[in-house]
Amino acid sequence: MAAMFVVVLLAIASTCQGAPRARREAIGGKLDKSFDLLGLHMGLKYKDAAQPLKGGKFRLVIDDLKKYVKQAHSNKVDLDFDFDGGAAVGDGLFKMVVHYSMVHSDGDGEEKGELMVERKHTW
């Protein structure tokens, strides 16, 4: 399920042919693909562009979440996905780490956290 989610994210990001070079580097270094539109900023960096399922990094920044979701508790949202497809592509083993940061609009401050999803052999 998580692998399918990453594949969908990679497919969306790979169709975006990019923004100006200055914005690409501002969101997280030199990226393979990037997309900036109406306060949504996405960037993708593959480990190996020839084989995207090997993994990579995907970053999503939303400048004002309340603009899109009226009941949202947060304004700025920053999601940073790091996906590692493992040594052999297609064996189903992977590791995905998501770092998130949300600035709450009601004065509750900033919330930061990390989520790790990993599928591995246990012997």
Side-chain angles (χ1 to χ4, degrees):
M1 184 70 171
M4 181 56 98
F5 175 71
V6 172
V7 169
V8 169
L9 284 178
L10 293 174
I12 291 170
S14 66
T15 61
C16 304
Q17 293 302 318
R21 179 67 60 189
R23 183 64 188 151
R24 283 182 168 204
E25 293 173 358
I27 197 170
K30 187 174 179 185
L31 301 172
D32 293 324
K33 306 282 183 182
S34 67
F35 178 76
D36 297 308
L37 181 67
L38 302 173
L40 297 172
H41 313 285
M42 292 181 258
L44 177 66
K45 176 74 176 149
Y46 296 112
K47 286 185 177 182
D48 181 2
Q51 295 184 353
L53 291 178
K54 281 190 174 181
K57 294 180 183 249
F58 177 77
R59 184 162 183 207
L60 172 65
V61 178
I62 304 172
D63 291 334
D64 188 8
L65 185 61
K66 288 183 142 313
K67 180 178 175 182
Y68 302 103
V69 181
K70 299 297 182 200
Q71 294 99 1
H73 184 64
S74 302
N75 277 345
K76 183 171 179 152
V77 177
D78 188 349
L79 299 168
D80 191 8
F81 296 84
D82 188 3
F83 180 74
D84 181 9
V89 175
D91 62 1
L93 305 179
F94 67 92
K95 180 177 182 179
M96 183 172 65
V97 180
V98 180
H99 299 276
Y100 68 89
S101 171
M102 298 183 288
V103 178
H104 297 298
S105 59
D106 59 1
D108 284 345
E110 183 177 8
E111 178 181 343
K112 291 184 177 184
E114 180 180 81
L115 169 71
M116 182 177 72
V117 178
E118 183 175 17
R119 183 168 184 216
K120 62 182 178 179
H121 283 294
T122 56
W123 298 82

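Just so it is clear, the model here is predicted, and its values are computed rather than measured.
- Criterion: ILVMFWY side-chain heavy atoms under 4.5 Å apart, direct or through other members. Under it, Val97 and Met42 are not part of a common hydrophobic cluster.
- Rounded to the nearest 0.5 Å, atoms CZ (Phe83) and CZ (Phe58) are 13.5 Å apart.
- When all heavy atoms are compared, the tightest approach of Gly39 to Tyr68 is N-OH, 4.2 Å.
- Considering all non-hydrogen atoms of both residues, Ser101 and Glu110 come closest at OG-OE2, 2.5 Å.
- Closest non-hydrogen pair, Lys120 versus Glu118, comes out as CD-OE2, 3.7 Å.
- Residue Lys57 holds its NZ atom at 6.5 Å from CG of Asp80, rounded to the nearest 0.5 Å.
- The minimum heavy-atom distance linking Ser105 with Asn75 is given by the pair CB-OD1, 3.3 Å.
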Does the pair Val61 and Lys76 meet the rule for a side chain to side chain contact (heavy atoms under 4.5 Å, CB included), with working shown? CA-CA 7 Å; Val61 178; Lys76 183 171 179 152; 4.0 Å; yes
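- Once rounded to the nearest 0.5 Å, the distance linking CD of Glu111 with NE2 of His104 reads 4.0 Å.
- Taken to the nearest 0.5 Å, the CG atom of Leu44 stands 12.0 Å off from the CG atom of Leu60.
- Clustering ILVMFWY residues whenever any of their side-chain heavy atoms sit less than 4.5 angstrom apart, transitively, puts Val103 in a cluster other than the one holding Val98.
- Taking CG of Asp64 as the start and CG of Leu38 as the end, the distance is 12.0 Å to the nearest 0.5 Å.
- To the nearest 0.5 angstrom, Arg59 atom CZ is 13.0 Å from Asp82 atom CG.
- Heavy atoms only, all atoms of each residue included: Asp63 and His41 are closest at OD2-NE2, 2.8 Å.
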Set out, in order, the CA-CA distance, both residues' side-chain angles and the distance that settles side-chain hydrogen bond (donor to acceptor under 3.5 Å, both in side chains) for His99 and Asp78, then state yes or no. CA-CA 8 Å; His99 299 276; Asp78 188 349; over 6 Å; no
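- One hydrophobic cluster, built from ILVMFWY side chains closer than 4.5 Å, cannot hold both Leu93 and Phe81; they sit in different ones.
- Crowding of Lys47 atom NZ: a count of heavy atoms from other residues, nucleotides or ligands under 6.0 Å exceeding 12.
- Between Met102 and Ser74 the shortest heavy-atom distance is CB-OG, 3.6 Å.
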